Amino acid sequence: GTYRNFYDRPAGERVAHMIDPRTGRPTEHLLVSASVIQPDCATADALATALHVLGPEDGPALARREGLAALFMVAQSDGTLRRVATDAWESP
């Protein structure tokens, strides 16, 4: 997730460590974490990274469409986090 791996620019802008291959630039959305349950760590990590890059709308949508057990944490403007889970996450 980007809640731990980021850097701050001098102007106070937070820059994520994840690069969106569609733009070649760091992600710029409010999704801070994506977790995926899979039988092996490599697959879980690859899927979580891909879903994270897709963002808070497209990541969960793809996870639901593919039946993945996934959990997303989305930053809110008031500083809290919103939890978004797929049905497969809620009942593995």
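Predicted, not measured: the structure shown is a model, and the values here were computed from it. Residues: numbered from 1 along the sequence shown.
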Handout entry: Main-chain N/O of Ala70 paired with Thr86 side-chain donor or acceptor, under 3.5 Å
Key =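 Yes; judged by distance alone, with no hydrogens or angles, the pair exists.
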Exercise for the section: Say whether, by atom type as modelled, one donor and one acceptor occur between the side chain of Thr43 and the main chain of Pro39 under 3.5 angstrom. Expected result: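 No.
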Problem - Residue pairs involving residues 45-64 (criterion salt bridge (Lys or Arg N to Asp or Glu O under 4.0 Å); sequence neighbours excluded) - result: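 Matches after skipping sequence neighbours: none remain.
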Practice task
Could you name each residue pair satisfying salt bridge (Lys or Arg N to Asp or Glu O under 4.0 Å) that touches residues 71-83, not counting sequence neighbours?
Solution key: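 Checked against salt bridge (Lys or Arg N to Asp or Glu O under 4.0 Å) - neighbours excluded - the pairs reaching residues 71-83 are Arg83-Glu90.
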For [X] versus [Y], what's the shortest heavy-atom pair and its separation?
X	Y	answer
Ala34	Ala48	O-CB, 3.4 Å
Ala44	Val36	CB-O, 3.4 Å
Ala63	Phe72	CB-CZ, 4.0 Å

Exercise for the section: Give me the one residue out of Val74, Leu30, Val32 that meets side chain to side chain contact (heavy atoms under 4.5 Å, CB included) with Leu81. Expected result: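 When side chain to side chain contact (heavy atoms under 4.5 Å, CB included) is applied between Leu81 and each of Val74, Leu30, Val32, only Val32 qualifies.
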Compare all side-chain heavy atoms of [X] with those of [Y] and state whether any distance is below 4.5 angstrom.
X	Y	value
Ser35	Trp89	yes
Leu68	Leu51	yes
Leu62	Leu54	yes

Problem - All side-chain hydrogen bond (donor to acceptor under 3.5 Å, both in side chains) counterparts of Asp20, not counting sequence neighbours - result: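 Listed in chain order: Arg22.
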